Amino acid sequence: MNRVSSNEDKIDIYSREVLITRDEINYRIEQLGREISQDYQGRELHLVGVLNGAFIFLADLVRHLSIPCQICFLQASSYKDQQVSTGEVILMHNLDLNEKNVLVVEDIFDTGLTLQHIKEDLNMQKPASFEICALLNKRITNKASINVKYIGFEIENRFVVGYGLDYAEKFRELPHISCLD
Ligand code: 5GP
């Protein structure tokens, strides 16, 4: 992953390239909502948001679903105030997903390590079905071989922030997605 060169305290985020605008995000989430609603017609969906990064995406996505759903969260940490993965993924949750139709909602599918851990962990509960939705899919080599059924946008290997995604806990509040590198 590309590193951010600037001192984080001096980043003028509004001067950085906007990769995906607020309108583009809204439009795509509407499409995803329609697609997911069709696929889960007649079934109750259990959405599992991955904190912290997916909280805005999940909140917007559920408002475009036209099927009954339940919403819960798990916490996953792999990046700790830095842009390079430590390779270690820590999951925290208190979920019971046995026999449920589970859709994990993640901010970004980068190496896939986090999603792989989540999948292994949640599948131990024997859900009725298990799928993943990620807002962003980063084009990198050596991704974990994991099926992400719903993808919002394909992006290059850039470090992005905004719309829930942070750099050292900053910039989550941006309504669009910007590049930091
Ligand atoms: P993975 O395990 O797929 O490599 O990484 C998953 C997590 O890394 C994401 O949920 C996200 O928190 C973080 N991450 C990966 N790429 C980026 C990025 O470009 N920007 C930000 N803010 N976080 C990222």
Side-chain angles (χ1 to χ4, degrees), residues 1-22 24-25 28-29 32 47-61 71-93 95 102-123 130-181:
M1 181 187 299
N2 297 339
R3 285 177 161 274
V4 176
S5 52
S6 325
N7 178 331
E8 70 187 67
D9 291 330
K10 294 187 182 145
I11 294 172
D12 173 12
I13 194 63
Y14 292 98
S15 68
R16 298 305 174 104
E17 180 190 345
V18 174
L19 195 65
I20 309 173
T21 65
R22 180 205 296 242
E24 287 167 334
I25 294 171
R28 183 68 187 119
I29 291 181
L32 282 174
L47 294 148
V48 179
V50 182
L51 295 172
N52 294 338
F55 78 105
I56 296 179
F57 176 39
L58 177 61
D60 283 346
L61 182 65
I71 301 160
C72 52
F73 293 92
L74 63 73
Q75 181 129 34
S77 343
S78 59
Y79 285 70
K80 298 191 185 96
D81 288 5
Q82 56 190 12
Q83 298 154 54
V84 181
S85 173
T86 57
E88 184 192 8
V89 179
I90 301 159
L91 298 184
M92 281 188 290
H93 67 81
L95 303 172
V102 173
L103 180 63
V104 169
V105 179
E106 170 68 307
D107 54 3
I108 185 163
F109 173 25
D110 185 12
T111 64
L113 203 70
T114 307
L115 286 170
Q116 200 165 42
H117 271 74
I118 291 171
K119 184 176 178 182
E120 281 167 16
D121 189 279
L122 298 187
N123 273 338
F130 180 92
E131 298 292 352
I132 300 168
C133 173
L135 178 66
L136 305 174
N137 181 25
K138 219 182 253 195
R139 279 195 211 103
I140 60 163
T141 49
N142 297 327
K143 282 171 101 76
S145 115
I146 183 162
N147 180 40
V148 178
K149 185 167 182 184
Y150 306 100
I151 288 174
F153 300 91
E154 302 282 341
I155 63 166
E156 298 304 319
N157 188 11
R158 310 275 304 269
F159 191 82
V160 291
V161 295
Y163 199 70
L165 287 146
D166 74 310
Y167 172 63
E169 294 304 326
K170 292 182 179 154
F171 312 128
R172 291 193 198 274
E173 72 282 8
L174 294 177
H176 52 259
I177 292 172
S178 287
C179 291
L180 269 200
D181 54 12

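Bear in mind the structure is a predicted one, so any value in this text is a computation, not a measurement. In listed order, ligands and their atoms are each counted from 1.
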Aromatic plane relationship, Y163 with F57 - under 30° parallel, 30 to 60° tilted, over 60° perpendicular: tilted
In ligand 1, which numbered atoms sit nearer than 4.0 Å to a non-hydrogen atom of [X]?
X	result
T114	1 (P), 2 (O), 5 (O), 6 (C)
D166	21 (C), 22 (N)
R158	19 (O)
T111	1 (P), 2 (O), 3 (O), 4 (O)
E106	10 (O)
G112	1 (P), 3 (O), 4 (O)
L165	21 (C), 22 (N), 23 (N)
D110	1 (P), 3 (O), 4 (O), 5 (O), 15 (C), 16 (N)

Ligand 1-proximal atoms of K138, by part, heavy-atom distance under 4.0 Å: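 Just the side chain.
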Separation of [Y] [atom2] from [X] [atom1] (nearest 0.5 Å):
X	Y	atom1	atom2	value
F171	L165	CZ	CG	12.5 Å
I11	L180	CD1	CG	5.0 Å
L19	S178	CG	OG	8.0 Å
I56	L61	CD1	CG	13.5 Å

Answer yes or no: is there a donor N or O on one side and an acceptor on the other, between the side chain of [X] and the main chain of [Y], under 3.5 Å?
X	Y	value
K138	R158	yes
D181	F159	yes
R28	G152	yes
K143	F109	yes

N/O to N/O below 3.5 Å, does that happen between [X] and ligand 1?
X	result
L115	no
D107	yes
F159	no

Sub-4.0 Å heavy-atom contact, G53 with ligand 1: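 For ligand 1, residue contact (heavy atoms, under 4.0 Å) with G53 is absent.
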